[in-house]
Asker: 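One structure coming up, written as structure tokens, with questions to follow.
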Amino acid sequence: MSTIGTTGLKLYNTLTRSKDDFVPIDPAAVRMYVCGPTVYDFAHIGNARPIIVFDVLYRLLRHLYGAAAVTYVRNVTDVDDKINKRAFDSGITIRQLTDGTLEQFHKDIDALGALRPDVEPRATDHIDEMRQIIDRLVAAGVAYVAEDHVLFEVAAMARLPGVPKYGALSRRSLDDMIAGSRVEVAPYKRDAMDFVLWKPSTEAHEPGWPSPAGIAQPGRPGWHIECSAMSWKHLVAAFGGRLKCEPADALSFDIHGGGIDLAFPHHENENAQSCCAFGVERMASVWMHNGFLQVEGAKMSKSLGNFTTIREVLDEWDGEVARLNMLRTHYRQPIDWTVSGLEESARILDDWYRAAGDADPTTPAPEFVEALADDLNTAKAISVLHELKSGDAGVFKASAALLGLLPRTATARANARNAESGVDPAEIEALIAARIAARTARDWAESDRIRDELVARGITIMDGKDASGQLITKWEIRG
RNA sequence: GGCCUCGUGGCGGAGUGGUUACGCAGCGGACUGCAAAUCCGUGUACUCCGGUUCGAAUCCGGACGAGGCCUCCA
């Protein structure tokens, strides 16, 4: 199935609205940027989706191109009005607030089995780069200063040669946007569609940095500029002169990902900023967007009381169960996040661990990689896994590993589970020995009594006979 | 109001212009002292209405329904 000259990887590109062969700008330096969390509070289960989805893509890219050839950048937004307000209200600095929230975020996504990105840049560490880009945009004539703000002038973009049309990514025409516009028109904007690159900090709770564009008043960045700055620094400038490609292509990178809600306005505006600042046709070649998640059939919202944090899910479920549950649906489809779904995922995982045992991973199955390479068809890949389950355990495990699943041995998992549950293995073994004695004595009442007790304690027992015909009973805790 | 995505069996969820998805649950069988675990087998489907076609669940149009964006929300 592989196409000559490529690895066979196809990805759906929001920019072209089609599933295209993935052709890296330089296969020796595959570069991906994903919009990460705004760290002001516990991350919710919807935030976990892009983390898991792009983690699978990261693993797949490393498999296809070699680990050393792939660079994954996922930013941390550590300055915005919610952060500013919450930090001020708590009497701490935004850095103190965001450090604490970021630590919690890392705990959450580590439990979900996500690899750390190669670079995890923070917005507040890149104010210089933001200023540079803003100054470039002013110089290019697509940004203007008004009342200590710097605004991107959307209409001016059309006058700049070699850059895309505004709206090309999200497929919106300026006319449509203006017609259905609910944008608040600030008096200092030349046009309602213009968006903020930089704004002045005047209130006590607003952190400030030296402003660009000759503005004396300290200020802070608008929402979109940080991604233009950080992707440029870590995926473009960091590779300056090292890429084997056309010079114009060296100013963009391969994959830009995030939630579907970010397509507009966030990614549209990032794209506009980066393209205009560097005079390029596109900021990234492939734009990928994951679908949304509902909880028990309803939109997740604080007013409905179904705002589920990752933390709450992890209190009840193994992170690996949550991960499998997420990957059972194709990333562009909506997911209905339900308890019954998690229960089914847990059953599947128990089954898989039993099949995988303590085998070491070897090489993933070609048909499995092929399924994943088809626009990250994890649902198909999981069905392949069901087939591989009864085959070679090493191949099964290596395949699952591309999804970030089955990272442990069955023994290690069972031990961890026993420790968590507070069950004393010696006590269970004693009960099982007593039951075998009762069975040998044909004392069925006693044997059944012990069995019922074990089941009541959440133990699954598996009766059998050893090679010499002796009764043996294995047991485990299922979850 | 404008733009976009989606609608598959009890449930989850792929795929394809004509042949079994797969998984979970259910049911039947094997195994068992009886169970459990495991293995084998098995039923039910493509929202509705038109159109294109030898043939559509798969392509086109419409209806209905669900969700998203246009509000710094993944």
Side-chain angles (χ1 to χ4, degrees), chain A residues 14 17 34-38 43-54 77 80-83 167 170-173 175-184 193 195-196 199 221-224 226 257-266 268-269 289-294 297-302 307 324-325 327-336 338 340-348 350-352 354-355 371 374 377-387 389-390 438-439 442-445 447-448 451-452 454-455 459-465 471 473-476 478:
Chain A
T14 304
R17 306 275 160 144
V34 173
C35 288
T38 300
H44 60 70
I45 191 64
N47 293 309
R49 194 169 190 188
I51 300 298
I52 292 172
V53 164
F54 291 105
T77 298
D80 92 324
D81 287 348
K82 285 193 293 284
I83 292 172
S170 53
R171 295 279 166 104
R172 287 153 203 264
S173 77
D175 291 344
D176 288 344
M177 282 185 270
I178 292 161
S181 180
R182 288 197 236 160
V183 177
E184 181 195 349
M193 291 312 301
F195 59 89
V196 171
K199 50 195 169 187
W223 177 32
H224 318 296
E226 60 172 89
I260 184 65
D261 59 318
L262 295 181
F264 189 88
H266 186 52
E268 190 69 56
N269 291 353
H289 295 100
N290 63 270
F292 258 47
L293 183 148
Q294 291 184 279
K299 184 175 174 171
M300 188 161 55
S301 73
K302 283 186 173 157
F307 202 86
L324 173 60
N325 200 237
L327 294 176
R328 282 169 51 195
T329 305
H330 182 88
Y331 76 94
R332 285 191 280 120
Q333 295 289 116
I335 292 185
D336 189 10
T338 63
S340 65
L342 285 160
E343 286 168 348
E344 185 175 332
S345 297
R347 270 193 293 268
I348 292 169
D350 283 341
D351 186 38
W352 284 358
R354 209 173 310 116
D374 182 14
N377 194 339
T378 53
K380 181 74 187 297
I382 285 168
S383 76
V384 174
L385 233 31
H386 283 298
E387 288 169 26
K389 184 186 80 172
S390 44
R439 288 170 68 203
R442 307 183 72 80
D443 182 354
W444 308 131
S447 144
D448 291 355
R451 183 181 71 206
D452 291 346
L454 287 167
V455 169
I459 310 293
T460 301
I461 53 171
M462 293 159 282
D463 287 345
K465 288 179 181 168
L471 293 176
T473 296
K474 295 183 193 168
W475 63 278
E476 65 185 32
R478 300 214 170 171

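Residue numbers start from 1 in every chain, and the chains themselves are labelled A, B, ... in the order their sequence lines are given, proteins ahead of strands.
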Asker: Let me know the distance between CD1 of A:Ile335 and P of B:A74, rounded to the nearest Å.
Answerer: 16 Å
Asker: Side chain of A:Lys380 only, please: which of B:C73, B:A14, B:A37 is the nearest?
Answerer: B:A14
Asker: Under a 4.5 Å cut-off applied to non-hydrogen side-chain atoms, are A:Pro221 and A:Glu226 in contact?
Answerer: no
Asker: Indicate yes or no for a side-chain donor-acceptor contact from A:Arg328 to the backbone of A:Gly341 under 3.5 Å, with no hydrogens or angles considered.
Answerer: yes
Asker: In whole angstrom, give the distance that lies between atom CZ of A:Arg171 and atom P of B:U5.
Answerer: 9 Å
Asker: Check every strand shown and say whether A:Ile348 touches a base, only sugar-phosphate, or nothing at a heavy-atom separation below 4.0 Å.
Answerer: sugar-phosphate
Asker: About how many Å separate OG of A:Ser170 and CG of A:Leu262, when rounded to the nearest 0.5 Å?
Answerer: 12.0 Å
Asker: Please report, rounded to the nearest Å, how far the P atom of B:G15 is from the CD atom of A:Gln333.
Answerer: 8 Å
Asker: Does a side-chain N-to-carboxylate-O contact under 4.0 Å join A:Asp351 and A:Lys389?
Answerer: yes
Asker: Describe the nucleic acid contact of A:Ser447 in one word from base, sugar-phosphate, nothing, applying a heavy-atom distance below 4.0 Å.
Answerer: base
Asker: How far, in whole Å, is B:U19 from B:G12 if one measures between their C1' atoms?
Answerer: 25 Å
Asker: Can you list the residues that meet the salt bridge (Lys or Arg N to Asp or Glu O under 4.0 Å) rule with A:Asp336, with sequence neighbours excluded?
Answerer: none
Asker: Identify, with sequence neighbours excluded, every residue that meets salt bridge (Lys or Arg N to Asp or Glu O under 4.0 Å) alongside A:Asp261.
Answerer: none
Asker: Please tell me which of A:Gly464 and A:Ile382 maps to the more 5' nucleotide of RNA chain B, matching each residue to the nucleotide holding its nearest heavy atom.
Answerer: A:Ile382
Asker: Can you tell me if the side-chain N/O atoms of A:Lys474 get under 4.0 Å from OP1 or OP2 in B:A37?
Answerer: no
Asker: Protein-nucleotides 38-41 of chain B N/O pairs closer than 3.5 Å?
Answerer:
unit_1, atom_1, unit_2, atom_2, d
B:U38, OP1, A:Arg354, NH1, 2.5

Asker: Under 4.0 Å between any heavy atoms, over every strand shown, what does A:Arg451 touch: base, sugar-phosphate, or nothing? Just pick one.
Answerer: base
Asker: With P as the reference atom in both, quote the distance from B:U42 to B:C3 in angstrom, rounded to an integer.
Answerer: 49 Å
Asker: Taking ring-ring contact (aromatic ring centres under 6.0 Å, His included) as the definition, give me every residue that meets it alongside A:Trp223, ordered by chain and number, with sequence neighbours left out.
Answerer: A:His266
Asker: Test A:His386 against A:Ile348 for side chain to side chain contact (heavy atoms under 4.5 Å, CB included), laying out the working first.
Answerer: CA-CA 9 Å; A:His386 283 298; A:Ile348 292 169; 3.9 Å; yes
Asker: With sugar-phosphate meaning primed atoms plus P, OP1 and OP2, does A:His289 contact a base, only sugar-phosphate, or nothing at under 4.0 Å between heavy atoms?
Answerer: nothing
Asker: Is A:Phe292 stacked against the base of B:G67, taking the criterion as centroid distance under 5.5 angstrom and interplanar angle under 30°?
Answerer: no
Asker: When rounded to the nearest Å, what value does the distance between P atoms of B:G26 and B:A37 take?
Answerer: 9 Å
Asker: Look for any protein N or O under 3.5 Å of an N or O in nucleotides 28-32 of chain B and output each such pair with its distance, or none.
Answerer:
none

Asker: Identify which nucleotide among B:C22, B:A74, B:A14 has an atom closest to any side-chain atom of A:Leu262, counting heavy atoms from C-beta outward.
Answerer: B:A74
Asker: Checking all strands, does A:Leu293 fall into the base, sugar-phosphate, or nothing category for heavy-atom contacts under 4.0 angstrom?
Answerer: base
Asker: Evaluate A:Leu324 against A:Ile382 for side chain to side chain contact (heavy atoms under 4.5 Å, CB included), listing each step before the verdict.
Answerer: CA-CA 9 Å; A:Leu324 173 60; A:Ile382 285 168; 3.7 Å; yes
Asker: Which residues pass the side-chain contact (heavy atoms from CB on, under 4.5 Å) test with A:Thr38, not counting sequence neighbours?
Answerer: A:Tyr40, A:Thr77, A:Asp80, A:Ile83
Asker: For A:Thr473, enumerate each residue passing the side-chain hydrogen bond (donor to acceptor under 3.5 Å, both in side chains) test, keeping only those at least two apart in sequence or located in another chain.
Answerer: A:Asp463
Asker: Would you say CZ of A:Arg442 has more than 12 non-hydrogen atoms from neighbouring residues, nucleotides or ligands within 6.0 angstrom?
Answerer: no
Asker: Taking only residues two or more places apart in sequence, or in another chain, which ones meet A:Phe292 in a ring-ring contact (aromatic ring centres under 6.0 Å, His included)?
Answerer: none
Asker: Students often get this wrong, so: under 4.0 angstrom with heavy atoms, is A:Gly341 touching a base, only sugar-phosphate, or nothing?
Answerer: nothing
Asker: In this structure, how many angstroms lie between the P atom of B:U71 and the CG atom of A:Asn269, rounded?
Answerer: 11 Å
Asker: Run the side chain to side chain contact (heavy atoms under 4.5 Å, CB included) test on A:Arg49 and A:Thr329 for me, step by step, so that the C-alpha distance in whole Å, both residues' side-chain angles and the decisive distance to 0.1 Å come before the verdict.
Answerer: CA-CA 11 Å; A:Arg49 194 169 190 188; A:Thr329 305; 4.0 Å; yes
Asker: Could you run down the sub-3.5 Å N/O contacts of the protein with nucleotides 10-12 of chain B?
Answerer:
unit_1, atom_1, unit_2, atom_2, d
B:G12, O2', A:Arg328, NH2, 2.9

Asker: Just how far, in rounded Å, is C1' of B:C34 from CG of A:Leu471?
Answerer: 14 Å
Asker: For the side chain of A:Asp463 and the base of B:A35, is some donor closer than 3.5 Å to an acceptor across the two?
Answerer: yes
Asker: When the C1' atoms of B:G15 and B:G23 are compared, how many Å lie between them, rounded to an integer?
Answerer: 15 Å
Asker: Rounding to an integer number of angstrom, what distance separates B:C31 and B:C22 when you compare their P atoms?
Answerer: 26 Å
Asker: What is the separation between atom CZ on A:Phe264 and atom C1' on B:G2, rounded to the nearest whole Å?
Answerer: 12 Å
Asker: Pairs counted as Watson-Crick or G-U wobble with both distances under 3.5 Å: what dot-bracket string results for RNA chain B, using | for bases tied to another strand?
Answerer: (((((((..(((.....[...))).(((((.......)))))....(((((..]....))))))))))))....
Asker: P atom, B:C4 versus B:A74: distance in rounded Å?
Answerer: 25 Å
Asker: Give a yes/no on whether any side-chain N or O of A:Asn377 is located under 4.0 angstrom from OP1 or OP2 of B:G15.
Answerer: yes
Asker: For the pair made of CZ in A:Phe195 and P in B:U71, what is the distance, rounded to whole Å?
Answerer: 13 Å
Asker: For the C1' atoms, the ones on B:G33 and on B:C46, what distance do you get once it is rounded to whole angstrom?
Answerer: 47 Å
Asker: Hey, which sits more toward the 5' end of RNA chain B by its nearest nucleotide, A:Arg347 or A:Trp223?
Answerer: A:Arg347
Asker: For A:Arg332, enumerate each residue passing the salt bridge (Lys or Arg N to Asp or Glu O under 4.0 Å) test, keeping only those at least two apart in sequence or located in another chain.
Answerer: A:Asp375
Asker: Base, sugar-phosphate, or nothing: which does A:Glu476 touch, judged by heavy atoms less than 4.0 Å apart?
Answerer: nothing
Asker: For A:Leu385 and B:A21, give me the distance from atom CG to atom C1', rounded to whole Å.
Answerer: 15 Å
Asker: Test of understanding: with salt bridge (Lys or Arg N to Asp or Glu O under 4.0 Å), list the residues that count as partners of A:Lys474, not counting sequence neighbours.
Answerer: none
Asker: Any ion pair linking A:Arg451 and A:Asp448 (charged N to carboxylate O, less than 4.0 Å)?
Answerer: yes
Asker: Measuring only the P atom in each nucleotide, how far is B:A35 from B:G28? A whole number of Å is fine.
Answerer: 12 Å
Asker: When we call it a touch if two heavy atoms are under 4.0 Å apart, what does A:Gly36 touch: a base, just sugar-phosphate, or nothing?
Answerer: nothing
Asker: If you look at every strand shown and take non-hydrogen atoms under 4.0 Å, does A:Gln294 touch a base, only sugar-phosphate, or nothing?
Answerer: sugar-phosphate
